[in-house]
Visitor: 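Got a structure here, written out as structure tokens. Questions coming.
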Amino acid sequence: MQGPTVTPFPGVFITVVSIYLAGVLYLGWISSKKALNLNEFFVMGGSAGILLGGLGYFATQYSISTFLGVPGTIYNVGWAGLAVSVPTAAFSMLVPAALVGNHLVRLGKKHGFLTLPDYFADRYESKAIRVITAIAIIIFLIPYMGAQTIGAGTIFNTFTGWPYWVGVCIMGLGVTIYCFMGGIRGAMYTNITQGILMVITAVLTFWGAANLAGGVEAANKALLAADPKAFTMPGSPRAYMFYPFFLSNVMLWNLFAVGQPQLATKFFLMRDRRVLWGAVIASGIGMFLSVIFMYSAAVVGRVAVPGIPPKMTDWVVPTLVSKSLHPIIGSVLMAGVLAAGMSTIDSVIVAVSGAFARDLYQQAINPKADEKTVLNIAKVATLLVGIAATLIGIYRPGTIFQIILFVFGGLGINTILLVLGVRWKRANKYGALSGLIIGLISVIYFTKNPALTKGFHALIPAAIITLIVMVVVSLLTPPPSKEVIEKHFK
Amino acid sequence: MERPVIRLPESFHPSEMPRFIVWWIIYFAVLYFLVWIPGKFNYTNELFLGPLLIPWFVWTWIIVNILTIVGSFIMYLQFKSYGLFEEEE
């Protein structure tokens with residue numbers, strides 16, 4: 001399927017993207033020299049500094065959806081669409097850091113936690129919680145990776161005319177190779193380049209769109225004459241941002257983001273709390289600049305590149321770039337969009353391979369396995385997960401943004417276990433286990449029956465139910481052991 | 001130097017908190033919950049345009065984000081000057 005109004009520039013695009021891919025593979029190869037044990041492979045020995053920590057968190061959270069799927073949605077909504085993540089963008093890492101990060105940085109160092117289920121199993125003294133969380137991670141995150149590769153297929157198809165599946169394979173397998181080599185260190189090294197490239201992409205796309213439309217004010221004047229409701233809530237022509245959904249978005253991308261294992265484990269990577277709070281500033285700046293410029297470009301794009309059909313909105317940004325910028329700059333920016341997807345997939349692949357190797361194999365199936373065996377299993381899992389994600393990308397089960405919203409819902413439940421585990425000494429395994437199971441069932445039920453949520457994202461009522469269940473069951477059952485209190489809170 | 005603290009119930013962690021951190025929590029909470037309030041400057045179905053004909057609600061979000069980043073930076077400097085990072089080491 002070819003994009004509607006894009007001018008392809010295959011030669012330049014392939015050259016620029018090849019240079020970019022060679023660069024990230026080189027970084028993966030450098031990292032492979034250090035990824036010789038589990039601690040290095042999963043949390044790079046807890047040695048990340050401010051730039052790695054901050055840009056790594058930002059580049060992992062903001063995915064290809066930020067650069068293709070969401071701008072595509074906003075194109076048909078207007079300024080109201082910016083509410084997807086602009087209102088509290090700078091809170092995206094601040095809220096998780098304040099609620100749990102401060103504690104997890106110290107605990108990760110002290111007790112050698114490598115994965116989110118590692119922490120849950122220890123805090124709640126339960127192997128069952130480890131297994132359930134690990135399985136949920138595998139089920140929810142593989143489609144999430146697939147969603148990222150969908151974007152790559154769109155971009156390659158748009159700029160080269162190659163079949164959609166070629167782009168999916170290039171991205172899926174490229175990330176898999178550098179994660180296979182360097183584990184999380186490979187992912188984090190590439191995240192620095194990718195994070196910077198993402199901000200540049202957002203700023204230049206906005207600049208290109210504004211130029212094409214004759215300036216921001218001129219674009220707004222034209223849009224105002226055509227559709228004044230595009231300047232009000234809930235947006236137009238697609239009335240999208242109703243108040244309950246607006247509030248859901250305000251909470252979803254900061255408070256509930258920390259339930260994503262690929263983000264929660266970032267706190268185990270950081271050297272100390274100085275790094276944590278420095279990283280909060282770096283990621284806040286990166287996130288705010290990316291979304292304000294990229295999403296504004298989508299609104300201005302309504303005037304700059306009008307008439308893109310609602311079913312083809314993933315093409316809005318590629319169209320803008322191809323029409324408004326020189327092919328070399330356009331190709332660099334498209335590499336930036338690919339970077340957004342790759343920087344998310346890499347951390348997710350490591351989180352999922354951790355769920356397989358560390359949480360299911362080493363801790364549940366074969367506790368006597370030596371470190372080398374588990375590391376090899378982690379690497380094999382990395383390959384298999386990467387291939388599965390690529391296949392999902394080819395199959396394309398939904399739009400990028402639909403898949404992302406579903407995944408954030410499913411794993412957002414972890415947030416309640418994490419926050420209560422860190423902040424409430426009375427939270428125990430019975431509460432956590434019942435909260436987790438009922439929470440997961442609720443989020444799937446509410447996703448299937450959206451009318452029941454009254455316009456809120458399915459995660460919001462599911463999280464409230466999880467919170468109530470966890471508090472009530474914890475209070476009705478014996479408190480955690482003295483060892484846990486001593487280990488986690490002294 | 002002993003810093004003034006605020007005591008919380010024993011079941012919470014931490015069960016006491018330096019008072020200056022509570023002020024930071026209030027600062028960020030005000031910014032965070034400001035965008036929950038429906039109204040002309042945030043969530044509105046009225047046409048209310050600011051500079052460059054961009055709706056005022058977008059300008060509100062821009063200001064909230066800038067104040068959050070500036071606040072995070074000042075808080076970081078304060079943590080550093082109070083020696084909180086060294087205490088950990």
Side-chain angles (χ1 to χ4, degrees), chain A residues 78-80 82-83 86-91 93-95 97-98 103 105-106 215-221 223-224 228-234 241 243 246-247 250-251 254-255 272-275 277-278 280-281 284-285 287-289 291-292 295-296 299 422-427 479 488-489, chain B residues 8-15 21 24-25 27-29 31-40 42-80 83-89:
Chain A
W79 287 104
L82 269 71
V86 171
T88 48
F91 281 95
M93 189 178 173
L94 177 67
V95 171
H103 193 70
V105 168
R106 188 177 59 82
V216 178
E217 194 161 353
N220 275 334
K221 209 174 267 179
L223 186 57
L224 195 59
K229 285 189 173 174
F231 292 74
T232 63
M233 299 287 178
M241 198 51 72
Y243 187 69
F246 168 80
L247 269 194
V250 166
M251 290 183 272
N254 42 73
L255 175 62
D272 50 35
R273 283 193 267 200
R274 187 187 66 81
V275 166
W277 291 106
V280 164
I281 303 166
I285 294 170
M287 290 183 176
F288 171 57
L289 292 179
V291 288
I292 188 68
Y295 295 177
S296 299
V299 182
V422 164
R423 295 290 168 205
W424 190 40
K425 293 173 190 166
R426 190 64 179 76
H488 284 259
F489 299 104
Chain B
L8 300 167
E10 191 49 41
S11 61
F12 285 109
H13 178 72
S15 50
I21 292 181
W24 277 116
I25 292 173
Y27 172 79
F28 287 119
L31 289 175
Y32 188 76
F33 289 110
L34 197 72
V35 298
W36 288 45
I37 304 167
K40 263 188 162 181
N42 183 36
Y43 187 94
T44 178
N45 55 11
E46 288 175 48
L47 200 57
F48 192 48
L49 304 178
L52 298 173
L53 296 179
I54 293 172
W56 265 110
F57 57 76
V58 176
W59 287 112
T60 302
W61 302 337
I62 291 172
I63 293 165
V64 164
N65 276 287
I66 291 171
L67 290 177
T68 305
I69 292 167
V70 171
S72 307
F73 185 66
I74 297 170
M75 186 175 71
Y76 174 85
L77 293 179
Q78 199 177 22
F79 280 5
K80 205 172 158 188
L84 291 192
F85 300 137
E86 285 76 17
E87 278 173 20
E88 180 194 355
E89 285 157 14

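Letters A, B, ... are given to chains in the order of the sequence lines, protein chains preceding strands, and every chain is numbered from 1.
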Visitor: Using heavy-atom distances under 4.5 Å, tell me whether Met251(A) contacts chain B through its side chain, its backbone, both, or neither.
Guide: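 For Met251(A), heavy atoms of backbone and side chain both lie under 4.5 Å from chain B.
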
Visitor: Please look at Thr44(B) and chain A and tell me whether the side chain, the backbone, both or neither of the residue comes under 4.5 angstrom of a heavy atom of that chain.
Guide: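 For Thr44(B), the contact with chain A is made by the backbone alone.
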
Visitor: Decide yes or no for Tyr32(B) and Val95(A): does some side-chain heavy atom of the first lie under 4.5 Å from some side-chain heavy atom of the second?
Guide: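 They are in side-chain contact.
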
Visitor: At what distance, to the nearest 0.5 angstrom, does CZ of Phe288(A) lie from CH2 of Trp61(B)?
Guide: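 Rounded to the nearest 0.5 Å, the CZ-CH2 separation comes to 12.0 Å.
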
Visitor: Is Phe48(B) close to chain A through its backbone or its side chain, or both, or neither, when contacts mean heavy atoms under 4.5 Å?
Guide: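 Nothing of Phe48(B), per the 4.5 Å heavy-atom cut-off to chain A.
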
Visitor: Identify the two heavy atoms, one from Tyr76(B) and one from Ile281(A), that lie closest to each other, and give their separation to 0.1 Å.
Guide: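 What the structure gives for the nearest pair is CB-CD1, 3.8 Å.
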
Visitor: Could you tell me which portion of Ile25(B) (side chain, backbone, both or neither) has an atom closer than 4.5 angstrom to a non-hydrogen atom of chain A?
Guide: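 Neither part, no heavy atoms under 4.5 Å.
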
Visitor: For a 4.5 angstrom cut-off between non-hydrogen side-chain atoms, does Phe231(A) reach Val58(B)?
Guide: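 Result no, sub-4.5 Å side-chain heavy-atom pair not found.
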
Visitor: Heavy-atom distance under 4.5 Å between the side chains of Leu82(A) and Phe57(B), does that happen here?
Guide: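 Contact flag for Leu82(A)/Phe57(B) side chains = no.
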
Visitor: Between Asn45(B) and Met233(A), is there a donor-acceptor pair closer than 3.5 Å when you use the side chain of the first and the backbone of the second?
Guide: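 No.
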
Visitor: How about Phe73(B): does its CZ atom have over 12 heavy atoms from other parts shown lying under 6.0 Å from it?
Guide: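 No, because the 6.0 Å sphere around CZ of Phe73(B) holds 12 heavy atoms or fewer from other groups.
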
Visitor: Can you tell which part of Ala98(A) gets under 4.5 Å to a heavy atom of chain B, answering side chain, backbone, both or neither?
Guide: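 For Ala98(A), neither part sits under 4.5 Å from chain B.
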
Visitor: Chain A heavy atoms under 4.5 Å from Ile54(B): which part of the residue, side chain, backbone, both or neither?
Guide: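 The answer is both parts of Ile54(B).
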
Visitor: Please classify the contact of Leu223(A) with chain B as side chain, backbone, both or neither, using a heavy-atom distance under 4.5 Å.
Guide: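 It is neither, since no heavy atom gets under 4.5 Å.
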
Visitor: Using non-hydrogen atoms only, which part of Val250(A) is less than 4.5 Å away from chain B: side chain, backbone, both, or neither?
Guide: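 Both parts, heavy atoms under 4.5 Å.
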
Visitor: Are His13(B) and His103(A), when compared by the centres of their aromatic rings, separated by less than 6.0 Å?
Guide: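 Under 6.0 Å, so yes.
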
Visitor: Check whether any side-chain heavy atom of Trp277(A) lies under 4.5 Å from a side-chain heavy atom of Ser72(B), and answer yes or no.
Guide: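 Not in contact.
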
Visitor: Look only at the side chain of Asn65(B) and the backbone of Val86(A), and say whether a donor-acceptor pair between them is shorter than 3.5 Å.
Guide: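 A pair under 3.5 Å: yes.
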
Visitor: Compare all side-chain heavy atoms of Lys221(A) with those of Leu53(B) and state whether any distance is below 4.5 angstrom.
Guide: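 Sidechains of Leu53(B) and Lys221(A): in contact.
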
Visitor: Can you tell which part of Leu49(B) gets under 4.5 Å to a heavy atom of chain A, answering side chain, backbone, both or neither?
Guide: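 Only the side chain of Leu49(B) comes within 4.5 Å of chain A.
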
Visitor: Of the backbone (N, CA, C, O) and the side chain (C-beta and beyond), which part of Pro14(B) lies under 4.5 Å from a heavy atom of chain A, both, or neither?
Guide: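 Looking at Pro14(B), backbone and side chain both touch chain A.
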
Visitor: Write down the atom of Tyr43(B), the atom of Phe246(A), and the distance for their closest heavy-atom approach.
Guide: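 Here Tyr43(B) and Phe246(A) meet closest at CD1-CG, 3.7 Å.
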
Visitor: If you count the non-hydrogen atoms of other residues, nucleotides and ligands that lie under 6.0 Å from CZ in Phe12(B), is the total more than 12?
Guide: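 No.
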
Visitor: With a 4.5 angstrom heavy-atom cut-off, is it the side chain or the backbone of Pro479(A) that approaches chain B, or both, or neither?
Guide: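 Neither the backbone nor the side chain of Pro479(A) comes within 4.5 Å of chain B.
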
Visitor: When rounded to the nearest 0.5 angstrom, what distance separates CD1 in Ile285(A) from OG1 in Thr68(B)?
Guide: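 With rounding to 0.5 Å, CD1 (Ile285(A)) is 12.0 Å from OG1 (Thr68(B)).
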
Visitor: Can you tell me how far OG of Ser11(B) sits from NZ of Lys425(A), rounded to the nearest 0.5 angstrom?
Guide: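 Result: 7.5 Å between the selected atoms.
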
Visitor: Between Thr88(A) and Val64(B), is any pair of side-chain heavy atoms under 4.5 Å apart?
Guide: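 Side chain of Thr88(A) against side chain of Val64(B), heavy atoms only: no contact under 4.5 Å found.
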
Visitor: Please round to the nearest 0.5 Å and tell me the distance separating atom CG of Leu52(B) and atom OG of Ser296(A).
Guide: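 With rounding to 0.5 Å, CG (Leu52(B)) is 10.5 Å from OG (Ser296(A)).
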
